[in-house]
*Asks:* 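Before I ask anything, here is the structure I am working with.
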Amino acid sequence: MKKVITAVMALALFAGAAAGCGTGSGQEAKSAEAESSRTVSTDGSTSMEKVIGLLSEAYMEANSGVKVTYNPTGSSAGIQAVSEGRCDIGLASRDLKEDEAENLDGTVVAIDGIGMIVNPENPVEDLSIEQIGKIYTGEISNWADLGGNDAPIVCIGREAASGTRDGFEEVTGTKDACNYAQELTSTGDVIQTVSGNPNAIGYASVAALNDSVKALDIEGVAPTADTIQSGAYKIQRNFVLVTKKDTPLSEEAQAFFDFVTGGEADDLITEAGAVPIKR
Amino acid sequence: MDKMRRMGKRVETGMGALFFLCGVLTILFVALITVFLLASGIPAIQKIGLFDFLLGSVWASTAAEPSYGILPFLLTSVYGTFGAILAGTPIGLLCAVFLAKMAPEKAGTAVRGAVDLLAGIPSVVYGLVGMIVVVPFVRDAFGLPDGANLLSAIVVLAVMILPSVISVSETVLRAVPKEYEEASLALGATWTETVFGVVVPAAKSGIATAVILGVGRAVGEAMAVMMVSGNVANMPKLFGSVRFLTTAVASEMSYSSGLQRQVLFSIALVLFLFILAVNLILNLIVRRGERNE
């Protein structure tokens, strides 16, 4: 008998809690609707955090009363969010795939160079994209083959869903073929690991690089703002704003979109470590 | 007077109801989590097939033709936990013996303080120290190109389970009746013989509890092992980069979508069942221990 009572109580409580949740979120939705005219919501790539953070800060300062929100969920999640209408602008650190481009528009807002980094002790200075591809697929496994020391190459990469990894594998033609020694979950981890292992090679956003690692030249071109913008530095990817084709943006979202893509925000993009597109 | 007594009674019933409510809440949380995990974890398993899911040895969640076999994670978690227990239990048990039966008061206080401190260190700190100290050490000591591997994870996990093994073992060792020791000593056994021939065997079910608690801790650890194990979905090798069940969920969750995300929930479900089994074994041992007394 006691057990039955307990069970009933638990059930009743559960139902109550569920009902409570329902009404709660309903109210939230209503207030969000009322506020949405003043809010621009963005959702997507974690790699774009710095860029979008600086841009929205500057925009909110210039336009008081408008709020720009950013939800760091990852490129694919951001694209999905905008296609389901859960945000105004989706953020992707890769170009749209064919099926995604059917209903969505992608507007490139900035370019991000992906730097190939090695330990400062490593004598190797320059690699070709082909060599990098061979390193990561395991065809070249010793630094001696590349003019370096006689030591095994340790390939450091990012986790499977990372935008940086996607961009890197796309450019080097190593999609799903990489033979990683470590798959780390953040840019900082990659830099830390490469700086601690004399035989390691890794990739990370050029914006994030520091003196603890050495950025390699790619086919004779060093990763700088100029070479990335002109396309001479080959390992790079686009930062893309994703919008719906059939539904127009709200007034506020359109204003923010124009601000970001119109060229006046280029200095901010540079400040955030990315490279503005050529106009 | 009568009024006051009635008031008191009302407060009493009210408080009783409050405590009952808190109890029910706990059950509710467990029930919620179970229902949620089952509901979100089972669809992907149905889609992939239980056999391919549990025994598939290739994990390529974002490939053009994705493959969702979690055998590498399962085995890594089992080997990693087993290794940590193998390395951590002797140290922990001997430390508990020292604390319970042999330590002079001052040394005991110092060691106990250190153990408590060890228990309180956040796992990300274990990971950080592992990444900066253990990984390079393993690399140099074994002449490997890279030190982020199963062995490094085992070393870190072995240290992490020490506090639970030590504190539980110490408690059960202290609970062994003094008469046992006295009888053994009276028969002419030395102190060491008494401790290891009488006290430790008498406390064996409690020590098993301590070990199982350690297993629970090791299986569930994510942050620290993520930072030292290399995190590549290989079949486990002592000197190879590996990924655990916990880190498989943690490292892809933030980016995942579609079936990939559902599979991560399925992995979480497997992990949950793992822990559930560990707890059941724990209960069984404790109950049998009680019956023996």
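A, B, ... follow the sequence lines: proteins, then strands. Residue 1 opens every chain. Given the structure is predicted, the values throughout are model-derived calculations rather than measurements.
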*Asks:* With chain B as the partner, which of Ser45(A), Ala181(A), Pro152(A) has the greatest number of non-hydrogen pairs under 4.5 Å?
*Replies:* Ala181(A)

*Asks:* Quick check for you: among Gly23(B), Pro145(B), Ala60(B), Ser241(B), which has the greatest number of heavy-atom pairs under 4.5 Å with chain A?
*Replies:* Pro145(B)

*Asks:* Hey, is the main chain of Gly147(B) close enough, under 3.5 Å, to the side chain of Ser152(B) for a donor-acceptor pair?
*Replies:*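 Answer holds: yes.
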
*Asks:* Output yes when a side-chain donor or acceptor of Asn142(A) lies under 3.5 Å from a complementary backbone atom of Ala151(A), and no otherwise.
*Replies:* yes

*Asks:* Give the minimum heavy-atom separation between Leu150(B) and Pro236(B), together with the two atoms involved.
*Replies:* CD2-CB, 4.3 Å

*Asks:* Is Met131(B) close to chain A through its backbone or its side chain, or both, or neither, when contacts mean heavy atoms under 4.5 Å?
*Replies:* side chain

*Asks:* Mark yes or no for whether Ser251(B), through its side chain, and Thr247(B), through its backbone, hold a donor-acceptor pair below 3.5 Å.
*Replies:* yes

*Asks:* Given heavy-atom pairs under 4.5 angstrom as the criterion, report whether the side chain, backbone, both or neither of Asn197(A) touches chain B.
*Replies:*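 Backbone plus side chain of Asn197(A), per the 4.5 Å heavy-atom cut-off to chain B.
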
